[in-house]
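Inspection log for the structure reproduced underneath, given as structure tokens.
What you are looking at is a predicted structure, and each value in this text was computed from that prediction instead of being measured.
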Amino acid sequence: MVFADPGEALARARALLDAEPSPLDASVAHQVIGIWQRDFGDLRLALHHLRRARECAARADSADREADVLATLGVALVHAGRTREGLAAFERGVARGAGHTRARVLYRRAYVWWVLGHHREALEDVRRAVPVLRQADDVIWTARALTLRATVHLALGSVERAEADFTAAEALWETTGQEHDKADAVESRGLAAFRSGDVPAALRLLDEAEERYARLGTPTFMLNIRRCEVLMAAGLAPEALAEADAAIGRLDGLGGQSTRKAELLLAAARAARPAGDPHTAIARAALAVRLFAGQRRTWWETHARLVLIEARHAAGRGSGRLVADAAAVAAKLASFGSPAAPEASLLAGRIALDLGWTADAERHLGVAARSRRSGPPLARMTGWAAQALRAQAAGSARGVLEACRRGLDVLDDHRMTLGASELRARATEQGAELAALAQRASLVSGGPRRLLVWSERWRATVLSTPPTRPPADPELLSGMTAFREIASRAEAARMEGRPVPALEREQRRLEREIRSRTLHMRGEAPGSGDRFDVGRLLERLGDEVLLVELAVLDGRVQVLLCGRGRVRRFEAGLLAEAETEAEHVQAGLRRLAHPGAEARLPVVEAAGRRLEELLLGPAAAQLGGGPVVIVPPGRLHRVPWALLPSLRERVLSVSPSAGSWLRARETAPPPEGCHVLVRGPGLATGGAEVPELAARYGCATVLEEDGARVPRVLEELDGAALAHIAAHGTFRADSPLFSSLRMADGPIVVHDFERLARSPYRIILSCCDTARLASVGADELLGLVTALLPLGTAGVVACSAPVNDAAVVPLMLALHKGLDAGLSLAEALRDARASLPGDALHQATGWAFSAFGAA
């Protein structure tokens, strides 16, 4: 019962002890309490009760009872870090037990061997236990043994064997009432899905297991460890680190298992390095190494040493000793049959390359490269990264490009299994090194055209295909409705000066639930979207339009000037300096949004001139007088490009990638699309441009006051030719897909837009921060604008800075006047800026808006 209804089992065991039972019954009761405390509570109390259980079994003179208790005690001692005592208890248990009882003891010793990382010994004990358990028709223990054997197979990389055992175990569990074991089976299937490369299914199954554990009121430390692994593969390293650290805090509060603490420290260390915190990774990994060593868990200790070496390398430490350490870890992992062995060989090769030890590097990289042909996607990525580094060391640009192409193809296939745009974007981080290697090789040997192809290869890939539409999931839809209601109430309370902590907590809970359900979506689109074609781009640009793509190599901006049948390259400034200058400009625009800040105008204009020098360099003099499309890297998405002197008076549009601009250019407007005008609540001007625009367009659909509710707004936006939305925009840096526009019934968020069958062909967002985006992954952007572009929107006008609401009104009216005359968004925005008064307030307002896309 302790794994069917843990709380009830604990209560009954305590009640039995209060009734002065026989030694045999007391032994069972103490053992149940010991199991409960071992797995869900305080390990010291567990050991106390299990020793009492053994004493009672001895007094009852029951060899089988004593053997069973010794097995439970052995598990607890190992989890307490007292490995030698634990294994000794198992030796006595195997000797005391017979038949069916001995089989149960062997199963539990197999579990301990798995905990210790002795996988061959674990498989041997399970092999001996399963036939006896089956012969005794012991469904529960047979299912446990099959689940354990599957888990060991997974640790050794045998996914198919694991899945067969999990399937057999699950069929047995369905015939029992063992709810905790059933939850464990769901958790294990999540791990199997992850090992086979299905991240959305893994997240869904782990969430389901967590719900089952929550109903039982039992802790979930093993699940936390496994979810950290899946979150890491999904590119969510900061979340994995937060989950591991929170679980460590809970475990310490319970006085729980030392073994689990070591595993959680290892999970935290693995997450901290890609989360950009190598020093935390070093601290967590070093402590994990010490704990594993004290627990005599060599398999785990070796994996922790690998993470420790990776973290030290990431922190800038490189030495011959580190190469030797990485090579020794690789050899040990290979002897264990661990799938992590190629990763260690790759690390040894990297460090050797950094030191100029080419012969050593070639040896280690050659071993790592063997993994490129088989295994799960991320393991093959490791192999192709090693192959690319080998080719680079050998001076073979062709070899580098081939390895990078093959590696990124593997990651493309993996990425397209992900349905959520956030996961697709974050997954690109795993291909950043290959993309950078290919760009360097192209710069050295391939000329500007090849550099352009490779700059596009891993830029804004999330926009290359529409995200998977969220399912018509009643729970998701009701969650979105509840989220809007709570967010609306919280906003009203803030405006009235009332406290909102409870509402904010509920809003965060609903956000987590919505995000969790969207991350479960599997990708539907095969392949990786259209391949970028330079010839097609140049043909579309013609002789008038120039496209300026900014690539970043080794921290310096490379300007690729495309148009008039050719691609030219210019070198500009350092990206870090440009980012700093862009922040100064943003601060200046914020000041200029308020009357009385005219003295800041020359400062902002001077910053614009410095930005031009850093970002365009000598290419600025080659732009001519025609339209320009700017394709910046993700980290420069907030630059107000119209402020740069050479771009200030021309037709200017911005695109996340050249491929994205091409798709927008080739998107046809809807044949019968309507105009939709939306006015949200709480604007300083009341959205004053909307009534005038309604009069101009005549037949436009106008949504305002109670009519501007999210369901109706989404219904009208779907397939519209032009949408103008005047509503407060809120950018969420912590969760960009919850960036929102305020409607009458609460916020409309990016997740809502992703439900559209086809977003408006043109859309104008007339309020602050609507063009703010989060830079994630290798070079991806998440936010309102990028949610619209893959869904059929060919052009967006939006704002990247706070603006003065009153100054926006004449800009918007002038913009629509140009559109009415048949101009594109970029042309109309250029003319609208020119029509504004020449004061600082109106100039800053014009610079803050950008046209995205090609419509």
* Will you find, in the side chains of Ser371 and Thr382, an N or O donor that is under 3.5 Å from an N or O acceptor? -> no
* Chi angles and distances behind the salt bridge (Lys or Arg N to Asp or Glu O under 4.0 Å) call for Asp831, Lys817 -> CA-CA 9 Å; Asp831 291 354; Lys817 181 180 178 182; over 6 Å; no
* For residues Ser455 and Leu560, determine if any side-chain heavy atom of one lies less than 4.5 Å from a side-chain heavy atom of the other. => yes
* **Electrostatic pair Asp354:Arg350 at N-O distance under 4.0 angstrom** => no
* Asked: Do the side chains of Val678 and His724 get nearer than 4.5 Å, heavy atoms only?
  -> no
* Any chance you could measure Leu434, atom CG, to Trp454, atom CH2, to the nearest 0.5 Å? => 8.0 Å
* To do: Would you sort out whether Glu579 and Arg635 count as a salt bridge (Lys or Arg N to Asp or Glu O under 4.0 Å), showing the intermediate values?
  => CA-CA 7 Å; Glu579 286 184 282; Arg635 288 162 61 183; 2.6 Å; yes
* Asked: Got a second to check how far Leu546's CG is from Arg568's CZ, nearest 0.5 Å?
  -> 7.5 Å
* To do: For salt bridge (Lys or Arg N to Asp or Glu O under 4.0 Å), just list the numbers for Asp412 and Arg457, CA-CA rounded to whole Å, side-chain angles, deciding distance to a tenth of an Å, and then say yes or no.
  => CA-CA 10 Å; Asp412 262 336; Arg457 177 67 179 82; 2.9 Å; yes
* Are any of the side-chain nitrogens in Arg569 or Glu549 under 4.0 Å away from the carboxylate oxygens of its partner? -> no
* Check whether any side-chain N or O of Glu827 sits under 3.5 Å from a backbone N or O of Ser824 as a donor-acceptor pair, and report yes or no. => yes
* Asked: Hey, is CD on Glu613 packed in by over 12 heavy atoms from elsewhere, all under 6.0 Å?
  -> no
* **Considering all heavy atoms, the nearest Ala607-Val585 contact** => CB-CG2, 3.5 Å
* Is a side-chain donor or acceptor of His637 paired with a backbone partner of Leu773 at a separation under 3.5 angstrom? -> yes
* To do: Walk me through it: do Arg380 and Asp413 pass the test salt bridge (Lys or Arg N to Asp or Glu O under 4.0 Å)?
  => CA-CA 12 Å; Arg380 283 180 282 150; Asp413 290 341; 5.8 Å; no
* Asked: Does the side chain of Glu689 pick up a donor-acceptor pair with the side chain of His816 at under 3.5 Å?
  -> no
* Asked: Within a reach of under 6.0 Å around CZ of Arg732, are more than 12 heavy atoms found that belong to other residues, nucleotides or ligands?
  -> yes
* Asked: More than 12 non-hydrogen atoms from neighbouring residues, nucleotides or ligands closer than 6.0 Å to CD on Glu571, yes or no?
  -> yes
* Donor-acceptor under 3.5 Å (Arg833 side chain, Gly846 main chain) -> yes
* To do: Look at atom CD of Glu666 and say whether more than 12 heavy atoms of other residues, nucleotides or ligands are closer to it than 6.0 Å.
  => yes
* Within the side chain of Ser735, is there an N or O that forms a donor-acceptor pair under 3.5 Å with the backbone of Leu737? -> no
